[in-house]
Amino acid sequence: MDWGTELWDQYDIIDKHTQSGLDLVEKYVKFVKERTEIEQNYAKQLRNLSKKYSPKRGSKEEQECRFSNHQAFLDILNEMNDYAGQRELIAENMMINICIELTKYLQELKQERKMHLSEAKKAQQYLEGTYKQLDNSKKRFEREWREAEKAAQYAEKTDQDLNATKADVEKAKQQAHMRTHIAEECKNDYASQLQKYNKEQNQFYFTDMPLSFNRLQDMDERRIKKLAQGYVLFADTERHVMPIIGKCLEGIARAGTNVNERNDSVVLIEQHKSGFERPGDLEFEDYSQGINRASSDSSLGTPKGPLELLGKNKNKTFRLFNKKSKLPSSSLSPFSTTPTPSPANGPPSPKFGRDPLSYCLMEINKTVKPRISSFRTLKRTPVDSEGFTHLPPEQRRKRLQQKIDDISKELQKEIDQSEALGKMKDVYEKNPQMGDPASLAPQITQTAQNMERLRGELNKYESWLAEAGGRGDSIRYSTHSLNNNGAHNPNSPGAISDDTDSSQAIYTEFDDEFEEEELAAPIGQCTALYNFPGSSEGTISMQEGEVLFVVEEDKGDGWTRVRRNNGDEGYIPTSYATITLNK
């Protein structure tokens, strides 16, 4: 069934129906546009939310990300940011695949509809013009035939009139004959126009209008099909990103499962462990012995306070508190000088007064109170930030080890650069047309100076680490400052004048004697996405799906250094694999 056959007389209905279809397409485009705006605003709000709760660089929150629960929250924020990106992708795809496409198609449909309706309108106007000609011809034929009848009746009446002359009768007959002839011509013209109109009408109703209506029907069906595809795209656009959104949600769930409360406690301990030993019991200071003591025995000594007892610790860390107090020399305290001894068998010291027991209690209070103030003066002590001597022993060892690792990495980069410059110089010497070898001299000199400087810093920090009781196991470079006996060099930077635990020197010497060149520890894993032949020098081949260990991450040149289980190492293109680094 088609419109041209069944709806041949419903021009206005077809006109309204096709216009209603175009209005629906336009309405759907506006609907999708508003949907994309909602998605974009939603994505923007999600990004702002993630940014709002993300830790600032160098802030306290960023430092706490080493705890699994803080890191899990950071992972959730990252996943929400990726989720927002998928919402933006939905909005972008809807705008491109639905709004822009349908808008362009809508304009084409409007032009096509206008053309078909215009053709139908022209055909109808032509038919109406033909009908007007027919009607005019008919009216003329009717008028002329009446005039001819009147002229015939007048001629007959004149012929029967006895008083009429022969000339009058002849004139009336000629007039009647002329009118009859004109009427015949009008009759023939009317018949011709009628035949023409019937032909045009048949052409209009059976050919022209059905053709235009069928074209409009085809246009409307194509519009409906395109609109249905837009409906499907509305769902498919979001369905295509659902796997990625599902991965984002899985990442959020994984962040929750990765939280390890026990590990967070261990991290807190490792982060803030000072390495100090607990203070021992306070000794009883018997001030009454000095009252009746003979001068040959000894004089009254300075009572030892709690901080002096803590100073006996092997770590020697509390030596910062053993400075002399600025209190007047007349007051007896753990930070005052030793009082002058009393004469033998003489009277008690004036400081005791008449009540030795009260004096002893007063001096005990004086002995304990300075301990609190001494902790406050610790902040005013000059801090050696370079050697990290202001930190507790455990934290100092960690910071020194971290510094050594950073310097080792920088030194390795300088060594790699030096090797690259050396190879480039060899190439220039063999092929002068490629470049001047002398032009590389400044860079080679600067690299050598950087290497020398970094080696000096490495030796300095490793000597400090050895003094702090660490092993100093830096990557590939272990240049402890030790003498022949395995003891620390007293002239090395940051050396401590106090006695150090001899076991640390023994461990250090043992490590230096048996240190061997080992393979660099893997920093992650990677899975090959494509096959790579590895035909170039320094590269390694891999097959799709093969899992390799990452030894050195991409330094910005597009290559990553990897290793197989059998020990084979080489470089692969970074874009050819998915890389996961250890946290």
Side-chain angles (χ1 to χ4, degrees), residues 58 63 66 267 269-276 314-317 319-320 378 381-419 446-521 523 551-553 555 582:
Q63 297 175 0
R66 66 190 68 186
V267 170
I269 293 173
E270 293 295 331
Q271 181 178 355
H272 297 285
K273 181 180 178 181
S274 65
F276 294 138
K314 293 182 180 181
N315 292 324
K316 301 293 183 180
T317 307
R319 66 181 182 278
L320 297 174
L378 179 61
T381 306
V383 176
D384 181 12
S385 59
E386 185 179 12
F388 306 112
T389 56
H390 62 289
L391 297 176
E394 188 72 21
Q395 302 302 320
R396 185 189 180 200
R397 284 193 291 270
K398 291 182 180 179
R399 293 293 294 275
L400 289 173
Q401 184 63 52
Q402 181 181 359
K403 189 70 175 179
I404 290 173
D405 294 341
D406 295 341
I407 296 176
S408 299
K409 291 180 181 179
E410 293 181 10
L411 182 56
Q412 183 61 41
K413 291 181 180 179
E414 294 294 334
I415 292 175
D416 294 341
Q417 184 176 358
S418 177
E419 293 177 356
Q446 182 63 36
T447 304
Q449 293 176 357
N450 293 339
M451 292 169 57
E452 188 65 25
R453 175 180 56 82
L454 291 173
R455 285 195 178 100
E457 292 183 1
L458 188 63
N459 294 335
K460 178 176 61 175
Y461 279 97
E462 286 185 337
S463 64
W464 285 341
L465 180 61
E467 294 165 0
R471 298 182 60 180
D473 48 348
S474 61
I475 302 176
R476 298 185 184 177
Y477 305 98
S478 181
T479 55
H480 297 285
S481 178
L482 302 174
N483 56 25
N484 296 331
N485 296 327
H488 298 109
N489 186 357
N491 297 326
S492 61
I496 304 176
S497 60
D498 295 334
D499 295 334
T500 313
D501 193 356
S502 60
S503 61
Q504 301 296 337
I506 296 175
Y507 292 146
T508 305
E509 183 179 2
F510 180 84
D511 292 339
D512 288 342
E513 290 177 355
F514 292 92
E515 184 176 10
E516 297 178 355
E517 185 71 20
E518 297 180 356
L519 294 176
I523 61 175
V551 179
E552 181 179 325
E553 60 182 330
K555 297 181 180 179
N582 297 332

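Everything quoted here is computed from the prediction, not taken from an experiment.
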I need the Gln449 CD to Glu414 CD distance, nearest 0.5 Å.
11.0 Å
Reported CG-to-CG distance for the pair Asp406 and Leu458, which is rounded to 0.5 angstrom
11.0 Å
For Glu410, what residues pass the side-chain contact (heavy atoms from CB on, under 4.5 Å) criterion, not counting sequence neighbours?
Leu454
If you measure from CD1 on Ile407 to NZ on Lys409, what distance do you get to the nearest 0.5 Å?
12.5 Å
Determine whether a donor-acceptor pair (N or O, by modelled atom type, separation under 3.5 Å) exists between the side chain of Ser408 and the backbone of Ile404.
yes
Going through the checks in order, is the side-chain contact (heavy atoms from CB on, under 4.5 Å) test met by Lys403 and Leu400?
CA-CA 5 Å; Lys403 189 70 175 179; Leu400 289 173; 5.5 Å; no
Which residues pass the side-chain hydrogen bond (donor to acceptor under 3.5 Å, both in side chains) test with Glu552, sequence neighbours left out?
Lys555
Nearest-0.5 Å distance that lies between atom CD in Gln402 and atom CZ in Arg397
15.0 Å
Could you pull out the closest heavy-atom pair between Met451 and Ile415, with the gap in Å?
CE-CG1, 3.8 Å
